[in-house]
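A note on names: the letters A, B, ... follow the listed sequences, proteins ahead of strands, and every chain is numbered from 1.
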There are 2 protein chains.
Amino acid sequence: MSQSHPANRPSTMESLSCACSVCSMALNCLCKDLDAVLKTQLENEVLRNRVVNRGQALFEIGDTFQRLYAVRSGSVKVYSLIDNGEEQVMGFYLPGELLGLEAIDQGVHECSAVALETSSICEVKFKRLEQLCSVQPALQQRLHRLYAREIARDYAMLQLLGRKSAEQRLANFLLHLSRRFADRGYSAEEFNLSMSRHEIGNYLGLALETVSRLLARFQEQKLIEVKRRHVRLLKRQALAVVAGEPLNPVVRHHYH
Amino acid sequence: MSQSHPANRPSTMESLSCACSVCSMALNCLCKDLDAVLKTQLENEVLRNRVVNRGQALFEIGDTFQRLYAVRSGSVKVYSLIDNGEEQVMGFYLPGELLGLEAIDQGVHECSAVALETSSICEVKFKRLEQLCSVQPALQQRLHRLYAREIARDYAMLQLLGRKSAEQRLANFLLHLSRRFADRGYSAEEFNLSMSRHEIGNYLGLALETVSRLLARFQEQKLIEVKRRHVRLLKRQALAVVAGEPLNPVVRHHYH
DNA sequence: CGTACTATTGAGCGCTCTCAAAACCAGTGG
DNA sequence: CCACTGGTTTTGAGAGCGCTCAATAGTACG
């Protein structure tokens with residue numbers, strides 16, 4: 001996901017503000033149309049920018065919960081550890097997506113989050129956010145919807161893991177990625193995977209070999225072109241059929 | 001789940017209040033320790049009791065979202081429909097558990113909810129709840145934690161579906177049910193399933209025949225006794241091993 | 001150019017699904 | 001009381017998907 005992005009240009013010094021319209025849709029979702037005073041408050045007191053390199057952690061399992069994190073550019077992997085110490089990938093986060101919600105209940109992070117590539121991250125102090133919510137119902141509602149969206153995401157994932165074949169899971173994964181890129185102004189047809197086959201397989205409940213084989217099969221069938229991390233979708237309709245999606249695609253309103 | 005319960009006695013007329021301490025833990029979580037005025041407000045303006053019979057719906061897919069629902073007695077199945085029109089069971093809800101959160105994002109229910117047996121349900125007007133949250137930070141925090149708990153639940157489920165064998169899934173399911181019963185003051189060792197093998201299988205991503213076979217196998221191994229819907233856990237330690245749970249329950253590693 | 005990592009490809013096997021039949025159970029009506 | 005019906009559960013047999021193990025190939029980087 002090395003698509004060029006304003007935040008990657010080292011010269012643009014954006015400090016704490018969230019002016020970049022392409023990224024930080026999650027934050028836009030929080031900030032947009034708020035009255036100017038509150039917006040300034042948010043940007044000055046709550047938000048903080050940070051750049052992390054590939055492999056660096058935003059937070060780790062056991063860290064006390066203090067902040068939510070919005071991806072501004074790059075991508076992030078969130079995973080937990082299961083009994084034997086193995087990773088379980090819970091999700092990949094693209095620009096505009098919010099992570100860290102899983103820690104709110106216990107006050108301790110249940111997952112770790114590491115950057116899959118050099119990424120720009122906007123940190124949100126949760127305590128302050130809650131305080132602002134009290135005086136600003138609009139903000140509160142948006143936060144509720146962010147929770148709800150996470151829950152909806154998980155529900156979709158449960159369906160995927162519970163009922164779908166390896167083929168369907170991977171097709172779904174590609175289409176979902178594609179839509180998220182498109183929503184953010186990147187190409188829907190052509191993109192780079194920032195995660196390995198192993199991580200994809202882990203996320204989808206498949207062996208990495210299965211992921212590799214299926215990508216090869218999709219390519220044979222002329223549904224996609226794939227070379228290492230680079231993917232191009234050739235026939236999204238056909239891919240959607242493979243994914244077992246209804247033909248008239250449900251238009252999901254991902255943001256706002 | 002036909003355990004006797006105060007709310008099942010037809011004579012006890014409890015009206016709108018949530019005095020019953022055994023059930024409505026979710027609501028207790030909301031109400032408890034709040035100042036008396038607010039508590040009364042909650043109980044009078046927000047909550048409403050209702051009895052539903054087996055097979056009756058609390059809400060259905062497409063209904064506009066207005067309320068959250070807390071199970072007071074009985075049990076509820078929440079499911080969505082997938083492309084071909086088949087059910088996908090998203091969860092079973094026991095007394096004290098809260099459902100309906102999935103609808104907040106879109107304002108429309110993504111799932112249907114039906115009673116698995118005659119059940120007593122407490123309905124919560126969400127709009128009013130949000131209003132009260134604005135003036136009462138403590139309430140707001142509790143609501144946040146309820147969201148977060150739902151997310152945590154989904155995460156656990158994702159691990160189950162993604163990485164675990166049929167055997168592990170079912171053992172987990174039984175233990176999880178058992179713990180929830182115990183938390184509510186019912187027997188942890190002996191209970192009735194209010195859901196069919198088909199529904200269990202659907203929930204766990206297994207064929208109903210597999211569920212049946214595994215229950216039989218657990219019985220052969222003297223881990224449980226099972227006759228139709230009635231289950232008795234004989235060796236929960238051994239069952240926990242089968243489930244792949246860590247023996248010394250969760251020592252958290254604090255890195256750095 | 002060598003090392004370490006990632007990805008591809010092949011072979012074989014086992015878990016879980018599907019299909020099918022029979023047993024069991026509850027409710028209904030003769 | 002029994003036969004009948006519809007639903008649920010059990011049990012069996014066979015097949016296939018996806019896993020594991022293993023070897024090879026490709027890529028990045030010092």
Side-chain angles (χ1 to χ4, degrees), chain A residues 2 53-55 77 84 86-89 114 116-118 160-174 192-221 224-231 242-244, chain B residues 2 53-55 77 84 86-89 114 116-118 160-174 192-221 224-231 242-244:
Chain A
S2 45
N53 293 320
R54 176 185 160 86
K77 169 180 80 167
N84 45 15
E86 234 182 316
E87 273 188 21
Q88 161 71 29
V89 176
V114 305
L116 290 169
E117 59 195 313
T118 302
L160 200 67
L161 292 178
R163 309 217 70 70
K164 307 234 173 176
S165 67
E167 201 178 38
Q168 291 177 308
R169 292 183 206 185
L170 189 62
N172 239 303
F173 176 74
L174 292 174
N192 285 309
L193 304 171
S194 59
M195 67 295 281
S196 70
R197 303 288 191 265
H198 180 75
E199 288 165 330
I200 295 173
N202 189 310
Y203 177 58
L204 296 176
L206 302 173
L208 70 94
E209 296 94 332
T210 303
V211 174
S212 183
R213 268 185 259 269
L214 286 174
L215 287 174
R217 190 200 297 176
F218 288 165
Q219 182 160 239
E220 278 173 33
Q221 298 168 338
I224 65 172
E225 276 176 18
V226 56
K227 192 173 184 191
R228 307 290 283 189
R229 302 285 179 102
H230 185 264
V231 176
V242 171
Chain B
S2 43
N53 292 320
R54 178 186 157 82
K77 169 181 78 169
N84 46 16
E86 233 181 316
E87 273 187 20
Q88 162 71 26
V89 175
V114 304
L116 289 169
E117 60 195 313
T118 302
L160 201 67
L161 293 179
R163 308 216 71 71
K164 308 235 173 175
S165 68
E167 202 177 38
Q168 290 176 310
R169 294 183 205 184
L170 190 62
N172 238 302
F173 177 73
L174 292 174
N192 285 309
L193 304 172
S194 59
M195 66 296 278
S196 69
R197 304 287 191 266
H198 179 75
E199 288 164 331
I200 295 172
N202 188 309
Y203 177 57
L204 296 176
L206 302 174
L208 72 93
E209 296 93 331
T210 304
V211 174
S212 182
R213 267 185 260 270
L214 287 174
L215 286 175
R217 190 200 297 176
F218 288 165
Q219 182 159 242
E220 277 172 33
Q221 299 167 338
I224 66 172
E225 278 176 17
V226 56
K227 191 173 185 191
R228 309 287 284 187
R229 301 284 178 103
H230 186 265
V231 175
V242 171

Inset, instruction - Classify the nucleic acid contact of G201(B) as base, sugar-phosphate or nothing, counting any heavy atom under 4.0 Å across all strands shown. - result: nothing
Legend entry - G201(B) to V211(B) - nearest heavy-atom pair and separation: CA-CG2, 3.6 Å
Legend entry - N/O donor-acceptor pair under 3.5 Å between R197(B) side chain and R228(B) backbone: yes
Atom pairs, N/O to N/O, protein against nucleotides 8-12 of chain D, distance under 3.5 Å?
from, atom 1, to, atom 2, distance (Å)
dT9(D), OP1, R229(B), NE, 2.7
dT9(D), OP2, R197(B), N, 2.9
dT9(D), O4', R228(B), NH1, 3.4
dT10(D), OP1, R197(B), NH2, 3.2
dT10(D), OP2, R197(B), NE, 2.9
dT10(D), OP2, S212(B), OG, 2.5
dT10(D), O5', S212(B), OG, 3.1
dG12(D), N7, R213(B), NH1, 2.8
dG12(D), O6, R213(B), NH2, 3.2

Inset, instruction - Enter the distance from T210(A):OG1 to L204(A):CG here, rounded to the nearest 0.5 Å. - result: 10.5 Å
Inset, instruction - State, to 0.1 Å, how close E117(A) and S194(A) come at their nearest heavy-atom pair, and which atoms those are. - result: OE2-CB, 3.6 Å
Legend entry - Where G205(B) and L161(B) come nearest, the two heavy atoms and their spacing: N-CD2, 4.2 Å
Inset, instruction - Please list, in 5' to 3' order, the outermost nucleotides of DNA chain C lying under 4.0 Å from any heavy atom of chain B. - result: dT16(C) to dC25(C)
Legend entry - Closest heavy-atom pair and its distance - R54(A), L116(A): NH1-O, 3.3 Å
Inset, instruction - Nearest 0.5 Å please: distance from the CG atom of L214(B) over to the CG atom of L170(B). - result: 5.5 Å
Legend entry - Under the side chain to side chain contact (heavy atoms under 4.5 Å, CB included) test, residues paired with Q88(B) that sit two or more places apart: Q159(A), R163(A), S80(B), I82(B), M90(B), N202(B)
Inset, instruction - Specify the closest pair of heavy atoms between V226(A) and L215(A), including all atoms of both residues, with the distance to one decimal. - result: CG1-O, 3.9 Å
Inset, instruction - Identify, with sequence neighbours excluded, every residue that meets salt bridge (Lys or Arg N to Asp or Glu O under 4.0 Å) alongside E199(B). - result: K77(B)
Inset, instruction - Describe, as an angle rounded to 10 degrees, how the axis at the first end of the helix from dC1(C)-dG30(D) to dG30(C)-dC1(D) is tilted relative to the axis at the last end, five pairs per end. - result: 30°
Legend entry - Atom pair CG (L160(B)) and CZ (R169(B)), whose distance is rounded to the nearest 0.5 Å: 6.5 Å
Inset, instruction - Taking only heavy atoms on the protein side, list every residue of residues 161-172 of chain B lying under 4.0 Å from any atom of DNA chain C, sorted numerically. - result: S165(B), A166(B)
Inset, instruction - Would you please name every residue forming a side chain to side chain contact (heavy atoms under 4.5 Å, CB included) with V242(B), sequence neighbours left out? - result: E167(B), A171(B), F218(B), L223(B)
